[in-house]
Amino acid sequence: MAKFFYLETFGCQMNVVDSEQIVDLLGRVGYQQVDTPEEAGLILLNTCSVRDKAERKVYGHLGRFKPLKDQRPELIIGVGGCVAQQEGEKLLEKLRYVDLVFGTHNIHRLPEMLAGVEQEGRRRLETEFLDADTRRALFPERSVSDAVTRFVTIMQGCDNFCSYCIVPHVRGREISRASGEILAEIRDLTARGVKEVTLLGQNVNSYGLREAGEMSFAQLLHAVHEIDGIERIRFTTSHPKDLSAELIACFGGLPKLAKHLHLPVQCGADPVLAAMNRGYTRAQYLEKVAQLKEVCPEIRLTSDVIVGFPGETEADFGETLALVEAVRYADIYSFLYSPRQGTAAAELAETLDPKDKQARFDRLLEVQQRISGEIWQGDVGRVLPVLVEGASRQGGAQLFGRTTWNRIVNFAGPAELIGRVVSVRITTALKNSQIGELEMDEVRAAS
Ligand code: SAH
Ligand code: SF4
Ligand code: F3S
């Protein structure tokens, strides 16, 4: 008999990839995915605990499922991901209607855990961290969809321990996947029509550094670049301290490498960067940005910024604003500092009241919105290469794809273009996407 599961994913791309693995594992034991919790016999949440707000959202969502469990006691509810890793036993104690808690290293155990709940009705918890060799053997093999663009995990975990960050605590130590395996997966993907890969890890720039004899990240990029059928390469996330000269040079020397880099700065003031344990100074960061722009003048940078870290003064914040103006990021993701239990910064007293923190946040947003507007508006009238990813959500004969800068462009065109790089004239810049028109010779070539 078919069994049905409903899965919701929060957080970063790591969780997105982990959820793909969950879908794959459950498919092998006879479960089919459905779109609403009401239809499902199994409900799973893959959770994020990076900020308090993200964590509260998980509890809010779980609360929604309680009435379903009251109506259907046989319903199985499971929680995985970073909140599960952090809370473990506490989650089972607090929420009596949760049956299953699995940590970030335990996803592969899901089918067995599930069988235990189904057959014995026992609530199950598995959140232990595994050693590096075991984890390396468990890098997810996911079944492949017909997507044009895919994430490929190249490393997991993080050893940086930025003082505010929960990730090293919930994802464990950093490990790199064998380069041979990564390249084999990408070759396999190209055989199935994938044109773009995003190499994924919390800190891809330190890829291979901890494994004897392994390639550096820049060498890995060169090797991926050699693979026929790959049109575009992206990677995320980069830590500025590990952005090597060799890697910067890739932006000048590898034409398939997208001219976009997400390079989170977090703050523009040295005392705060030091308290955050980021391992670079403002000047070092700006120097790397200058080198990137020199080897690749068209490069566009994006960033993460935390506002209101303990001890951040008005002058410190002013330095962040000035840095944002100087770098001219295409976009930034800004966050209000949120103390996370178990991190070093959680021991520091907060020095800003929430109103002042929000006011700084709003000022930063205003500056960035102006800069982003100028940059994306500047594309209007230009003809840009767009990798066509699929039919756009707007429906009709609308397609969508991305420019090298990772901006979504919607435009009219035939479905045959999916998977191809086409020339699109940008006509309108919206807040998060652009609208364009296919160049006429592309239309002729497709017909
Ligand atoms: N490994 C990635 C992503 C980490 S989480 C990286 O190093 O860039 C994504 C972003 O969340 C971080 O870059 C940071 O800006 C933000 N973040 C992490 N912990 C936070 C906290 N405690 N409060 C507010 N923002 C936080
Ligand atoms: Fe968190 Fe820092 Fe690691 Fe990024 S590099 S995941 S911010 S500890
Ligand atoms: Fe969130 Fe875990 Fe990613 S805490 S940001 S889902 S690594």
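Both counts, for ligands and for their atoms, begin at 1 and track the order of listing.
- For the ligand labelled ligand 1, residue Asn203 lies outside the 4.0 Å heavy-atom shell.
- Every atom of ligand 3 with a heavy atom of Asn15 under 4.0 Å away is listed here by number and element: 6 (S).
- Cation-pi geometry between Arg51 and Phe335 is satisfied (NZ or CZ under 6.0 Å from the ring centre, within 45° of the ring normal).
- Listed by number with element, the atoms of ligand 3 under 4.0 Å from a non-hydrogen atom of Gln202 are 7 (S).
- Looking only at heavy atoms of the protein, atom 2 (Fe) of ligand 3 is closest to Cys82 SG, 2.2 Å.
- For ligand 1, the atoms closer than 4.0 angstrom to any heavy atom of Leu336 are 23 (N), 24 (C).
- The residues Arg150 and Glu185 are annotated as not salt-bridged, no charged nitrogen and carboxylate oxygen being separated by less than 4.0 angstrom.
- Ring geometry for His105 versus Phe129: interplanar angle of 30 to 60°, hence tilted.
- With respect to atom 8 (S) of ligand 2, the closest heavy atom belonging to the protein is Cys162 N, 3.3 Å.
- For atom 7 (S) of ligand 2, the closest non-hydrogen atom on the protein side is Tyr164 OH, 3.4 Å.
- Evaluated for a side chain to side chain contact (heavy atoms under 4.5 Å, CB included) with Phe65, the options Ile77, Val98, Leu95 yield exactly one hit, Ile77.
- For Asn160, the heavy-atom gap to ligand 1 stays at 4.0 angstrom or more.
- At a heavy-atom distance under 4.0 Å, only side-chain atoms of Pro168, from C-beta outward, approach ligand 2.
- The aromatic rings of Phe235 and Phe217 sit perpendicular to each other, their planes meeting at more than 60°, with 30° as the lower class boundary.
- The closest side-chain donor-acceptor pair between Asn205 and Ser238 falls under 3.5 angstrom.
- Close approach of ligand 2 to Gln202 is summarised as follows: ligand atoms under 4.0 Å from at least one heavy atom of the residue are 6 (S).
- When Glu196, Glu389, Arg232, Arg234 are each tested for a side chain to side chain donor-acceptor pair (under 3.5 Å) with Thr149, only one passes: Glu196.
- Salt bridge Glu298/Lys259: absent, no basic N to carboxylate O contact under 4.0 Å.
- In this structure, Arg171 falls outside the shell of residues with a heavy atom less than 4.0 angstrom from ligand 2.
- Considering backbone and side-chain N/O atoms, Asp304 comes within less than 3.5 Å of an N/O atom of ligand 1.
- At least one N or O atom of Gln266, backbone or side chain, sits closer than 3.5 Å to an N or O atom of ligand 1.
- Heavy-atom contacts from other residues, nucleotides or ligands closer than 6.0 Å to OH of Tyr59 number more than 12.
- Each of the following atoms of ligand 1 lies closer than 4.0 Å to a heavy atom of Pro264: 8 (O).
- The pair Glu314-Arg360 meets the salt-bridge criterion, since a charged nitrogen lies less than 4.0 angstrom from a carboxylate oxygen.
- Ionic pairing of Glu55 and Arg340 is present here: one or more N-O contacts between side-chain nitrogen and carboxylate oxygen are shorter than 4.0 angstrom.
- At least one N or O atom of Gln202, backbone or side chain, sits closer than 3.5 Å to an N or O atom of ligand 1.
- Among protein heavy atoms, the minimum distance from atom 11 (O) of ligand 1 is reached at Arg51 NH1, 2.9 Å.
- Put simply, Cys12 gets within reach of atom 3 (Fe) of ligand 3, with an N, O or S atom under 2.8 Å from it.
- Residue Arg340 has no nitrogen or oxygen atom sitting less than 3.5 Å from a nitrogen or oxygen atom of ligand 1, judged on distance alone.
- Between Asp159 and Arg210 there is a salt bridge, since a side-chain N of the basic residue sits under 4.0 Å from a carboxylate O of the acidic one.
- Sparse packing is recorded around CD of Gln341, with 12 or fewer heavy atoms of other residues, nucleotides or ligands lying under 6.0 Å away.
- Using a 4.0 Å cut-off to heavy atoms of His239, the atoms of ligand 2 that qualify are 5 (S).
- By the criterion of a heavy-atom distance under 4.0 Å, both the backbone and the side chain of Cys48 are placed next to ligand 3.
- Between Arg177 and Glu211 there is no salt bridge, since none of the side-chain N atoms of the basic residue sits less than 4.0 Å from a carboxylate O of the acidic one.
- Within ligand 2, the atoms closer than 4.0 Å to a non-hydrogen atom of Phe161 are 8 (S), numbered from 1 in the order shown.
- Heavy-atom contacts of Arg278 reach the following atoms of ligand 2: 2 (Fe), 7 (S) (cutoff under 4.0 Å).
- Protein heavy atom in closest approach to atom 3 (Fe) of ligand 2: Cys158 SG, 2.3 Å.
- Pairing each heavy atom of Ile76 with each of Lys69, the nearest pair is CA-NZ, 4.4 Å.
- Not a single heavy atom of Gly81 sits under 4.0 Å from any atom of ligand 3.
- Only the side chain of Thr237 comes within 4.0 Å of ligand 1, counting heavy atoms alone; its backbone N, CA, C and O stay farther away.
- The neighbour count for Glu294 CD, taken as heavy atoms of other residues, nucleotides or ligands under 6.0 Å away, does not exceed 12.
- Considering both main-chain and side-chain atoms, Tyr164 comes within under 3.5 Å of ligand 1 through a nitrogen or oxygen pair.
- The protein non-hydrogen atom at the shortest distance from atom 4 (S) of ligand 3 is Ser49 N, 3.4 Å.
- Within 6.0 Å of CG in Asp353 there are more than 12 heavy atoms belonging to other residues, nucleotides or ligands.
- At a threshold of 2.8 Å, atom 3 (Fe) of ligand 2 has no backbone or side-chain N, O or S atom of Cys165 nearer than that distance.
- For Ser338, a nitrogen or oxygen atom sits less than 3.5 Å from a nitrogen or oxygen atom of ligand 1, counting backbone and side chain alike.
- When atom types are taken as modelled, the side chain of Thr127 and the backbone of Gly88 share no donor-acceptor pair closer than 3.5 angstrom.
- Within ligand 1, the atoms closer than 4.0 Å to a non-hydrogen atom of Val50 are 5 (S), 18 (C), 19 (N), 20 (C), 21 (C), 22 (N), numbered from 1 in the order shown.
- Nearest protein heavy-atom neighbour of atom 5 (S) of ligand 2: Asn160 ND2, 3.4 Å.
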